[in-house]
Participant: 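Before I ask anything, here is the structure I am working with.
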Amino acid sequence: MRPSPRLLTTLVAACLLVPAVTLAAPFAYVPNEKSGSVSVIDTATDSVVQTLPGGQRPRGIATDGAHLYISEAPSNSLVVVDIGKARQIKSIKLGESPEGVSVSSDHRLIAAAVEESNSVVLLDARKRRQIAEIKVEGDNPEHAVFSPDGRWLLVSAENAEQVDVIDVKARRQVGSIPVGKRPRGIGFTPDGTRAYVACELASTVYAIDMVSRKVVAEIKAGTYSNGVAMAPDGSRAYVSNGKDATVSVIRTSDNQIEATIPVGKRPWNMAVTPDGRKLYVANGRSNSVTVIDTGRLEAIAEIPVGELPWGVVIQ
């Protein structure tokens, strides 16, 4: 039986009254070291939509989507912020001068590099407690980054010419890989077979084969290369150059520089949106975040944030 014209009209009108479903955009979280806050950027509009607590001096930051995990220098702690409630819910002691923080891909573990104790603290993300403190050889570790499969942690140290390799399950260092002076940012390709390490004083990025644990390419970047962010498909490594105020774009297929993009003053740590279309760069001396369109390879916005932004995490 066919519906009457009046019924069809009623059904169409009802459909038009149903509101469109709005998908939440990924948000970029920016710890502002001097302001003691976290700026929240809506990546759809490239505007700051919220400011969250971050402790007195937030630096390293990671997220599981529901919480922010932030290293906080004066209290030497990991600050846990509930994003939905917009408040700090816990503070966990780490050791003197914690810096880089990362979360494993399954969101079960958190790693924090602790400079003064030359160690990496491993924490259970669900129970929010320390489960191990792992000593490393490199002096003054800055970043501790999980491999995509969660098997390894690569640790860079300011006063070293190596990155240390931690076996996560064994809870100990199992090797080190020689690189240039003052290694800082680390990024893995999605399959975990390669890692890119920016060495600041060498102004060079080292591509490491994770199977052989050997450097397979040395890529000259800008002056004082430091932060590294990987494209989600692994096709590019983005590297911030602190002195040049630029970002170098490395094509991972042949490890050549594809482009150099001007950004704000003293670019530091960065993050890419999940779709790979935008790169967000924290500019420490400009108190801003530069947004780069990765298709056009050019800056499309500069967003004011708090003072001394340290980095970016996106979820």
Side-chain angles (χ1 to χ4, degrees), residues 99-100 102 105 111 113 115 118-120 134-168 170 172-244 246-260 267-270 272 279:
E99 196 148 353
S102 69
S105 58
E115 294 181 316
N118 285 346
S119 66
V120 173
I134 305 162
K135 292 291 184 180
V136 292
E137 295 172 1
D139 183 27
N140 209 358
E142 180 170 329
H143 289 280
V145 179
F146 285 98
S147 61
D149 62 4
R151 184 179 179 185
W152 311 107
L153 275 165
L154 279 190
V155 185
S156 60
E158 289 186 48
N159 300 331
E161 294 181 39
Q162 66 189 50
V163 288
D164 295 326
V165 184
I166 288 175
D167 183 314
V168 175
R172 63 184 178 87
Q173 181 175 339
V174 293
S176 61
I177 303 163
V179 290
K181 290 184 178 180
R182 193 172 286 175
R184 289 196 184 272
I186 301 168
F188 281 93
T189 54
D191 62 6
T193 60
R194 224 182 311 163
Y196 287 79
V197 180
C199 293
E200 190 172 42
L201 295 185
S203 299
T204 300
V205 178
Y206 294 78
I208 295 171
D209 179 273
M210 287 301 295
V211 176
S212 65
R213 294 186 192 166
K214 292 182 179 179
V215 171
V216 293
E218 297 182 19
I219 307 143
K220 206 68 181 175
T223 309
Y224 290 176
S225 51
N226 47 59
V228 176
M230 294 296 303
D233 64 1
S235 62
R236 289 169 173 161
Y238 302 99
V239 181
S240 57
N241 304 304
K243 190 172 182 180
D244 290 351
T246 62
V247 167
S248 297
V249 182
I250 298 172
R251 190 171 50 236
T252 58
S253 60
D254 58 7
N255 290 321
Q256 297 298 306
I257 299 290
E258 184 177 355
T260 302
W268 198 236
N269 296 299
M270 309 172 290
V272 185
L279 173 70

Participant: Are the side chains of Y196 and I208 in touch, meaning some heavy atoms are under 4.5 Å apart?
Facilitator: no
Participant: Between atom CD1 of I134 and atom OG of S119, what is the distance when rounded to the nearest 0.5 Å?
Facilitator: 9.0 Å
Participant: Assess whether atom NZ of K135 is packed by more than 12 heavy atoms of other residues, nucleotides or ligands within 6.0 Å.
Facilitator: yes
Participant: Decide side-chain contact (heavy atoms from CB on, under 4.5 Å) for N269 and H143; before the verdict, give the C-alpha distance in whole Å, the side-chain angles of both, and the deciding distance to 0.1 Å.
Facilitator: CA-CA 11 Å; N269 296 299; H143 289 280; 3.7 Å; yes
Participant: So, the side chain of S203 versus the backbone of S225: is there a donor-acceptor pair under 3.5 Å, distance only?
Facilitator: no
Participant: Is the backbone N or O of T260 less than 3.5 Å from a side-chain atom of S248, with the two atoms forming a donor-acceptor pair by type?
Facilitator: no
Participant: With a 4.5 Å heavy-atom cut-off, do E99 and E158 have their side chains touching?
Facilitator: yes
Participant: Run through T246, N226, T223 and flag the one making a side chain to side chain donor-acceptor pair (under 3.5 Å) with N241.
Facilitator: T246
Participant: Would you say OH of Y224 has more than 12 non-hydrogen atoms from neighbouring residues, nucleotides or ligands within 6.0 angstrom?
Facilitator: no
Participant: Heavy atoms, side chains only, cut-off 4.5 Å: are M270 and Y238 in contact?
Facilitator: yes
Participant: At what distance, to the nearest 0.5 angstrom, does CE of M210 lie from OG1 of T189?
Facilitator: 9.5 Å
Participant: What closest approach, in Å, do A231 and P190 show between heavy atoms, and which atom pair accounts for it?
Facilitator: O-CG, 4.3 Å
Participant: Would you check, one step at a time, whether the test side-chain contact (heavy atoms from CB on, under 4.5 Å) holds for C199 with R182?
Facilitator: CA-CA 5 Å; C199 293; R182 193 172 286 175; 5.9 Å; no
Participant: With rounding to the nearest 0.5 angstrom, report the NZ to CG distance, K214 to D209.
Facilitator: 9.5 Å
Participant: With a 4.5 Å limit on heavy-atom distance, are the side chains of V215 and I177 in contact?
Facilitator: yes
Participant: Has S156 got a side-chain atom pairing as donor or acceptor with G185's backbone, closer than 3.5 angstrom?
Facilitator: no
Participant: Can you tell me how far the CD atom of Q162 sits from the CG atom of D139, to the nearest 0.5 Å?
Facilitator: 10.0 Å
Participant: Whether E258 and R236 form a salt bridge (side-chain N of Lys/Arg under 4.0 Å from carboxylate O of Asp/Glu) is what I want to check.
Facilitator: yes
Participant: Using a 3.5 Å distance criterion without hydrogens, assess whether the side chain of S253 forms a donor-acceptor pair with backbone atoms of R251.
Facilitator: no
Participant: With rounding to the nearest 0.5 angstrom, report the CG to CE distance, L279 to M230.
Facilitator: 12.0 Å
Participant: Do R172 side-chain atoms and V136 backbone N/O form a donor-acceptor pair below 3.5 Å?
Facilitator: no
Participant: Could you go through the side-chain contact (heavy atoms from CB on, under 4.5 Å) check for I257 and I219 one step at a time?
Facilitator: CA-CA 8 Å; I257 299 290; I219 307 143; 3.8 Å; yes
Participant: Using modelled atom types and a 3.5 Å cut-off, is there a donor and acceptor pairing between side-chain atoms of S105 and backbone atoms of D149?
Facilitator: no
Participant: Which atom pair, heavy atoms only, marks the closest approach of A144 to A113?
Facilitator: N-CB, 4.2 Å
Participant: Evaluate the side-chain proximity of F146 to R151: yes if any heavy-atom separation is below 4.5 Å, no if none is.
Facilitator: no
Participant: With a 4.5 Å limit on heavy-atom distance, are the side chains of I186 and V228 in contact?
Facilitator: no
Participant: Find out whether V165 and R213 are in side-chain contact, i.e. whether some heavy atom of one side chain is under 4.5 Å from a heavy atom of the other.
Facilitator: yes
Participant: Would you compute the distance between atom CG of N140 and atom CD of E115 and round it to the nearest 0.5 angstrom?
Facilitator: 4.0 Å
Participant: May I ask you to check if R184 and W268 form a cation-pi contact, with NZ or CZ under 6.0 angstrom from the six-membered ring centre and within 45° of the axis?
Facilitator: no
Participant: Taking the side chain as C-beta and beyond, is there a heavy-atom pair between R194 and N255 under 4.5 Å?
Facilitator: yes
Participant: Should I250 and V205 be marked as a side-chain contact (heavy atoms from CB on, under 4.5 Å) after you check the CA-CA gap, both sets of side-chain angles, and the distance that decides it?
Facilitator: CA-CA 9 Å; I250 298 172; V205 178; 4.0 Å; yes
